[in-house]
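See below for the structure under consideration.
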Amino acid sequence: MSRYEPREIEGRWQRVWADEETWQVANPGQPGYDGSKPKSYVLEMLPYPSGEPHVGHLKCYSVGDAIAHFRRRNGYEVIHPMGYDSFGLPAENNAIKTGVPPLVATEKSIDSFRRQFTEWGISIDWSRELATHTPEYYRWTQWIFLQLFNEGLAYRTQAPVQWCPKDATVLANEQVVDGRCERCGTEVVTRNLRQWFFRTTAYAEQLLADFEKLESWPEHVITMQKNWIGRSEGAEVTFRCEEAGLDFPVFTTRPDTLFGATFFVIAPEHPELEGLVAGTGAEQQVQEYVNSVARESVQARGDESRPKTGVPLGRTVTNPVNGEEIPMFVADYVLMDYGTGAVMAVPAHDERDFAFAEAFELPVRRVIAPDPDAAGAGGGAEPGDDGEQLPYTGDGPMVDSGRFDGLNNREAYDRIVEWLNEEGRGQTSINYRLRDWLVSRQRYWGAPIPIVHCPTCGMVPVPEDQLPVVLPEVEDYAPKGKSPLEAATDWVETDCPSCGSVARRETDTMDTFVDSSWYFLRYLDAGNDQAAWSREAADHWMPVDQYIGGVEHAILHLLYARFFIKALADMGHVGVVEPFANLFTQGMITRDGAKMSKSKGNTVSPADYVARHGADAARTYVCFMGPPERGGDWTDEGVEGVHRFLSRLWRVSSEVAEADVSTGASSTGLSLPEGLAERTTGEARELLSKAHWAIDKATRDFTRGFQFNTVIAAVMELVNEIYRTRDGLIEEEDGRECLRFAVATAASLIQPFAPHLASEVFEQMTGERVWETEWPVADPEMLRSDTVTIVVQVNGKVRDRIEVGEGADKEEILALAREAENVARHLEGTETVKEIVVPGKLVNLVVRPA
RNA sequence: GCGGCGGUGGCGGAACUGGUAUACGCGAUGGAUUCAAAAUCCAUUGCCCGCAAGGGCAUGUGGGUUCGAUUCCCACCCGCCGCACCA
């Protein structure tokens, strides 16, 4: 008998699937469209093609493919496409280092990714393949930009932005992690520049509200997004500076503490700052402070543990609730890009204001007394040590607050807001941490922003029929603080689409997250050269029924894609408001407990393992390591173990096939000859039972949160049972039929993970194509067994086991239990207090000494 | 500091609604096969006592509820991830 040769088997089936375009599906109205089945859109996150795929990709696509296969075999018309997120900085940085143009390196990587995905046997509809760097794709990225521009959702403005000195480009807030550039780790600085933004804040409320509409997303991803959007309810209150004649609105979540405001702070970037200090004598000191803050890294400024700094402005504002004049300061703990860039400071009830007041020796006025109901616990204060309890952020009765004294602060909150409203000095207000999405980049390898700057007409969108604005070729990709596209003079100089006079193209390119915010729509109508997609195609396939990817995209990508779909829905281009109905986030694979990285030299190349043990083993292994949503540590022994299991299945299949040939028996599909199931006994019956048990277990665990590790374990158990019974069964015909059924069942159940081997074995056993068969259904008759084992406990400790007939009643079970040898011993000299019988499971006799 | 997730054999992990803790895999040990090895097959494998029958102890720690707790409740310890001057 020959050996299990995965490479041979895998190549053969991959050719069949490619030649027959097995995984291709048609849109409504196209030839081959099957309207009788419900649709299912299974999608893994778009890979960024760089070098070769790594194990993270292997896991993601193995998990996604298993789901796709399972859905197909459960009667769904599954769309399962693939593409590449092929614009982006790494290819460009590589070009600067090596001189290889981004286009060349990118297309080489794409070829490698495509080849490996094929070698892994992922069931992809290749007719829908896309790459975001191609003009055929980014034409429509630009088209969407223009739709947003026309709606006022894309705009250009001067703003303080986060600048990465190394990459020489601006970054979105989301791309700054701990004050450092997410990509290169360089400390980020702030600069004031004209940049393009998408108005994500316009959808803040809907982005929050529509979590309701999702079917199943991991709770922690929703929490992370909620925190990111950061909705807070409060009030906007206006403080007036009479001397300067300026009004300063502030946002506060604690209007109940208004009477406790003892000073007022504005951000160093506040636009009114200069005018405010003019003529106070503090100008120079303020200017120096503002400059020193500007030099600080974003990282340092965000450190809440460092001492509070600031400068008094020599001005006061009037507290609208009590007419008090309170001093103004500039301090960097107030941020310009949250709220209004100014705060009323209530040191008695806010930790930051308290710290500042201590540093500057400012008065602290308590306006909420400790909660009398919470005496002793936390906020409660002993009489006399009031002062030590500050700052106090809990609830309690109002004090020192005029006519609100005595009210509970929660109630005072509403009353004060009401009063502000009547007086026209404030109103309720909702604030978000979420800011607009900065999309322009001063880099080369991205989609050009389709705008022309005309001296007479201003910003003019490129007409849709002139799209795409093709990315020109340049010699030098190195960033110089402005886009490398500036060098393409022939391209930059153009005619104004509106008046025809000489104009300049916008030279910034788009953030690559723009490309990946809509690709799932392009798949639905990938060949369309008249539109980005047809509304019919989108209506048919959307939303994505199952989205799969890493948690690292929990905020950025998912939030942007959600924003896009909402904007597109409002413009009538799609009919859904959420792109991904169900989200599954896979855990990270480590090696020796550490994150894989080239610098550590602990990377695992999937290609090596595919060459050595086959794609089926590699795929099955990543699904077997543990629950897929959790991480796992890659071990060579683990892959070998799975390879061994697949070999065992293959070997026993060959044995059964050969035994059949020698007796001239024929295949009968995944079913048994008439009456065979009923007449089998002994090992044959046990084997059939095990097969049905495996079907039942695999089906349940598959549907219960994709617990692939236990699905695979169930098939392993079935294969072990086949080996246990095979010697006794293979010699006679009924036994062989049972073996054939069990082997074919194992192949059928392992197919979502090891599709090549499964196809080979299933064909050997039944002559049929496993991917064309329905997912098996367990026969409840075969799950039952005539006798059950019942555990007998005495005082909660297992003392023996008994075999009883399936229908045995309580009395019968108890009688047998008491007779069991070891139980009887423990019952000696006792009297029974209580008898607990759980049918089919256990008996517990509660006794005490007589 | 706030929020989330997790702690089970030598290791990765199982245990559905409270009912046989340790499925499955790895590793280890022994045996069969072989001239030999690899591969394969079979058996054993939580810890402790015992020749055995059997007994005791074990799911991070300490309590509680229950006939019975890995599972439910309370308090604590440890690890990982996210957020963090957001007014």
Side-chain angles (χ1 to χ4, degrees), chain A residues 3 177-178 218-224 226-228 230-232 234 250-254 257 265 267 301-306 308 331-335 337-346 349-353 355-356 431-435 551-552 554-555 587-588 621 624-627 629-642 644-645 647-648 651 697 700-701 704 707 709-717 719-720 723-724 726-727 789-801 821-822 825 833-847:
Chain A
R3 279 164 50 91
V177 178
D178 289 335
E219 205 45 56
H220 66 275
V221 172
I222 293 178
T223 308
M224 281 163 77
K226 280 184 180 168
N227 289 343
W228 192 264
R231 181 183 198 272
S232 0
V250 299
F251 173 73
T252 177
T253 54
R254 296 295 305 273
T257 64
V265 191
R301 185 169 170 183
D303 181 1
E304 74 188 276
S305 64
R306 69 177 191 161
K308 293 276 180 285
D332 69 353
Y333 83 91
V334 175
L335 310 173
D337 50 12
Y338 183 79
T340 62
V343 302
M344 63 172 209
V346 184
H349 305 289
D350 181 281
E351 310 224 352
R352 298 147 304 173
D353 296 343
F356 192 86
N431 226 290
Y432 300 93
R433 205 186 80 118
L434 180 74
R435 277 154 255 169
V551 247
E552 62 272 21
I555 299 175
M588 202 180 40
Y621 174 58
F624 181 63
M625 292 171 85
E629 71 275 15
R630 271 195 256 160
D633 204 56
W634 180 284
T635 63
D636 290 0
E637 291 78 11
V639 201
E640 282 157 22
V642 169
R644 201 171 301 153
F645 152 67
S647 308
R648 277 160 68 81
R651 209 175 312 116
K697 168 90 177 149
R700 269 189 295 121
D701 290 354
R704 192 164 55 95
Q707 279 196 34
N709 52 329
T710 56
V711 173
I712 294 163
V715 185
M716 287 174 167
E717 283 197 54
V719 171
N720 289 346
Y723 271 76
R724 190 181 72 81
R726 126 195 98 140
D727 287 347
T789 305
I790 286 184
V791 169
V792 186
Q793 298 181 336
V794 178
N795 286 342
K797 286 186 198 270
V798 179
R799 295 302 179 188
D800 219 329
R801 277 147 234 264
E821 197 188 326
N822 201 37
R825 190 190 357 257
V833 180
K834 202 168 179 180
E835 292 167 329
I836 286 141
V837 180
V838 183
K841 292 248 166 155
L842 112 175
V843 170
N844 188 11
L845 302 169
V846 185
V847 301

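What you are looking at is a predicted structure, and each value in this text was computed from that prediction instead of being measured.
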For [X], answer base if it contacts any base atom (sugar-phosphate contacts may also be present), sugar-phosphate if it contacts only those atoms, and nothing otherwise; contact means non-hydrogen atoms under 4.0 Å.
| X | result |
| --- | --- |
| Q707(A) | sugar-phosphate |
| D701(A) | nothing |
| K308(A) | base |
| V715(A) | nothing |
| V846(A) | sugar-phosphate |
| G641(A) | sugar-phosphate |
| R825(A) | sugar-phosphate |

Side-chain (D353(A)) to main-chain (V346(A)) donor-acceptor, under 3.5 angstrom: yes
Side-chain donor/acceptor of Y621(A) to backbone N/O of W634(A), under 3.5 Å: no
Using the [atom1] atom in both, what is the distance from [N] to [M], to the nearest Å?
| N | M | atom1 | answer |
| --- | --- | --- | --- |
| rA38(B) | rU33(B) | P | 15 Å |
| rA23(B) | rG9(B) | P | 13 Å |
| rC24(B) | rU8(B) | C1' | 15 Å |
| rC26(B) | rC74(B) | C1' | 39 Å |

For atom [atom1] of [X] and atom [atom2] of [N], their distance in whole Å:
| X | N | atom1 | atom2 | answer |
| --- | --- | --- | --- | --- |
| I712(A) | rG12(B) | CD1 | P | 18 Å |
| M716(A) | rG12(B) | CE | C1' | 12 Å |
| F624(A) | rG13(B) | CZ | P | 11 Å |
| L335(A) | rA84(B) | CG | P | 11 Å |
| D636(A) | rC26(B) | CG | C1' | 12 Å |

Residues H220(A), V551(A); criterion side chain to side chain contact (heavy atoms under 4.5 Å, CB included); working and verdict: CA-CA 10 Å; H220(A) 66 275; V551(A) 247; 3.5 Å; yes
Between [X] and [N], is there a contact of a side-chain N or O with OP1 or OP2 at under 4.0 Å?
| X | N | value |
| --- | --- | --- |
| K226(A) | rG4(B) | no |
| T223(A) | rC83(B) | no |
| N822(A) | rG55(B) | yes |
| R700(A) | rU17(B) | no |

R306(A)/D332(A) salt bridge by N-O under 4.0 Å criterion: yes
Salt bridge flag under 4.0 Å for residues D350(A) and R254(A): no
Paired nucleotide for [N] [Watson-Crick or G-U wobble; both distances under 3.5 Å]:
| N | result |
| --- | --- |
| rC57(B) | rG46(B) |
| rU40(B) | rA32(B) |
| rG1(B) | rC83(B) |
| rG6(B) | rC78(B) |
| rA15(B) | none |

Among rC26(B), rA87(B), rC24(B), the nucleotide that comes nearest once only the side chain of A713(A) is considered: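 The nucleotide sitting nearest to the side chain is rC24(B).
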Residue E717(A), side-chain heavy atoms: nucleotide from rG56(B), rC16(B), rC24(B) that is nearest: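 When the side chain of E717(A) is considered, rC24(B) is the closest of rG56(B), rC16(B), rC24(B).
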Residues N227(A) and R433(A): side-chain donor-acceptor under 3.5 angstrom: no
Atom pairs, protein N/O to nucleotides 19-22 of chain B N/O, distance under 3.5 Å:
unit_1	atom_1	unit_2	atom_2	d
rU20(B)	O2	R801(A)	NH1	2.3

Shortest non-hydrogen contact from N844(A) toward N795(A):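 Minimum heavy-atom contact is OD1-N, 3.6 Å.
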Side chain to side chain donor-acceptor pair (under 3.5 Å) partners of K308(A), counting only residues at least two apart: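 Not a single residue meets the side chain to side chain donor-acceptor pair (under 3.5 Å) criterion with K308(A).
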Whether F356(A) and Y333(A) hold their rings parallel, tilted or perpendicular, with breakpoints at 30° and 60°: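 Tilted, since the angle between the ring planes falls between 30° and 60°.
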Identify all pairs in which a protein N or O lies below 3.5 Å from an N or O of nucleotides 38-42 of chain B, and state each distance.
unit_1	atom_1	unit_2	atom_2	d
rU40(B)	O3'	R651(A)	NH1	3.1
rC41(B)	OP1	R648(A)	NH1	2.6
rC41(B)	OP1	R651(A)	NH1	3.4

